[in-house]
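First comes the structure, then the notes that go with it.
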2 protein chains.
Amino acid sequence: MQEKLRQHIEKIIPLNDDEFAFVWSHFTVKKFKKHQFLIQVGEEVKYSHFVASGLLKLVYTDDMEKQHIVSFAMEEWWESDYYAFYTQSKATLSLECLEDTVVFCLSFEDYRKLCDGLQKMERFFLEKSNFGFLGSQRRIISLLTSSAQERYEQLLKRSPSLIQRVPKSLLAAYLGVSRETLSRFSR
Amino acid sequence: MQEKLRQHIEKIIPLNDDEFAFVWSHFTVKKFKKHQFLIQVGEEVKYSHFVASGLLKLVYTDDMEKQHIVSFAMEEWWESDYYAFYTQSKATLSLECLEDTVVFCLSFEDYRKLCDGLQKMERFFLEKSNFGFLGSQRRIISLLTSSAQERYEQLLKRSPSLIQRVPKSLLAAYLGVSRETLSRFSR
DNA sequence: ATTGGGTCTTGACATATCTCACGAATATAT
DNA sequence: ATATATTCGTGAGATATGTCAAGACCCAAT
């Protein structure tokens, strides 16, 4: 079970058994059913979540109650409302299961302890953060430069598996386009 | 001169004189005039830059030769084509001075040495990366949820100083809206 | 004083996308 | 098996924004 996390970390930095045991001791395993919430707007954000299996959506809900998808979290993704997590404030985003999901949870306190206790893990999280930043930057460029249809085609190319797993209305909410407009692209 | 960098770092982690001397030894100072390029598309990206004074634009140029502004870098910002920097590949973005500018340059090699030699600096860069990621995420949400006019008003509120320093055509290129459309908002 | 480059505004028209409405197809729960 | 909710596609009209063109303004250099 925890092997998934170990392999994930070892893609970036090698760990011996003792080190991984130390790492693993900071996590707790939680299981959720489709439609359950890991984070709700206004509540405390206790954990950063490593997705062992399943699929989640991180959502911003606007004044009109319209949902916008900040990101999808599949296997091997880390996900949380990170602003609230790092600043230990209340959630402005929600995190909800699109499928039955298993996550490994890391509290903010344990996150700090882990980094302080094992130098390598601070390095690991730095790499993760850098990749997250670069991914966001690429998405911004896509939003600035491409039409809705082009963004849809880019998404198909980059994440073909997503299309099988989530309804198109959610892809639309991720791309920043209406459900109906996206529907007309397929033709 | 280097005091600016020290104060900047000490907002996040305290340093004694020896530690800062060690940090500073990894940087080189460079000065540029308005219109000069720090990074050009296709060239190597040697440095991450700390802006001591001045103003820069990080630009993505599309197939139609249209410019899109990934970010503005003012005093105390770190800027580079970070994808190319981290992967040591060729630049896809350009970095150009909008004003006469002084930067402190950190090569990739020195960046690694700095992190390895002084634990605290890895921590510092992790904080920076996290903030960069959160900033990008907020901009994505803004692009997904708000009209061009709303995004303009948000920018005015968040960075009123920018408006004095850069032509509106560049603000438009940052917001993802045409120069003409942005011009009509002021009324 | 004059020139030339950059900036800003504005009008007219084109186009992408949104919204609302409806119905068909499909999945899900009882 | 039936009922119910979700999902998907499509038409028609509204709206935001883009594009092209013209002119006004400002400022630095000659």
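Chain letters run A, B, ... following the sequence lines, proteins first and then strands; every chain starts at 1.
Rounded to a whole Å, the NE2 atom of A:His68 is 11 Å from the P atom of C:dC18. Atom C1' of nucleotide C:dC18 and atom CG of A:Leu175 are separated by 15 Å, given to the nearest angstrom. Atom pair A:Phe185:CZ and C:dT15:P shows a separation of 16 Å (rounding to whole Å applied). Protein atom CG of B:Leu171 is 11 Å distant from nucleotide atom P of C:dT9, rounded to whole Å. Rounding to whole angstrom units, CG of residue B:Leu182 and C1' of C:dT7 are separated by 13 Å. Remark: P of D:dA5 and NZ of A:Lys34 are 16 Å apart, rounded to the nearest angstrom. For the pair B:Leu170 CG and C:dG6 P, the computed distance is 13 Å after rounding to whole Å. Separating the CD atom of A:Gln67 from the P atom of D:dT6 is a distance of 12 Å, rounded to the nearest angstrom.
Residue B:Ser178 is in base contact, counting any heavy-atom pair closer than 4.0 Å across all strands shown.
In this structure, B:Arg151 fails the cation-pi test against B:Tyr174, since its NZ or CZ atom is not both closer than 6.0 Å to the six-membered ring centre and inside 45 degrees of the ring normal.
Taking only side-chain atoms of A:Ser147, from C-beta outward, the nucleotide of C:dC8, C:dT17, D:dT19 with the closest atom is C:dT17. Here the nucleotide nearest the side chain of B:Glu180, chosen from D:dC20, D:dA12, D:dT17, is D:dC20. Of the candidate nucleotides C:dA21, D:dT19, C:dC18, C:dC18 has the atom lying nearest to any side-chain atom of A:Thr181. You'll find that the side chain of A:Lys168 is closest to D:dC8, out of C:dT19, D:dG18, D:dC8.
B:Glu79 has its side chain within reach of B:Leu95: a pair of non-hydrogen atoms, C-beta onward, lies under 4.5 Å apart.
Between the side chain of B:Arg179 and the base of D:dG18, no donor-acceptor pair under 3.5 Å is found. A donor N or O paired with an acceptor N or O is not found under 3.5 Å between the base of D:dG18 and the side-chain atoms of B:Arg184.
The main-chain N or O of B:Phe125 is never found under 3.5 Å from a side-chain atom of B:Ser129 such that the two would form a donor-acceptor pair. Proximity of a side-chain donor or acceptor of B:Arg6 to a complementary backbone N or O of B:Leu15 within less than 3.5 Å is detected. Judged by distance alone, with hydrogens and angles left aside, the side-chain atoms of B:Asp81 form no donor-acceptor pair with the main-chain N or O of B:Ala91 at under 3.5 Å.
The residue among B:Val166 and A:Lys66 whose nearest nucleotide of DNA chain C lies closer to the 5′ end is B:Val166.
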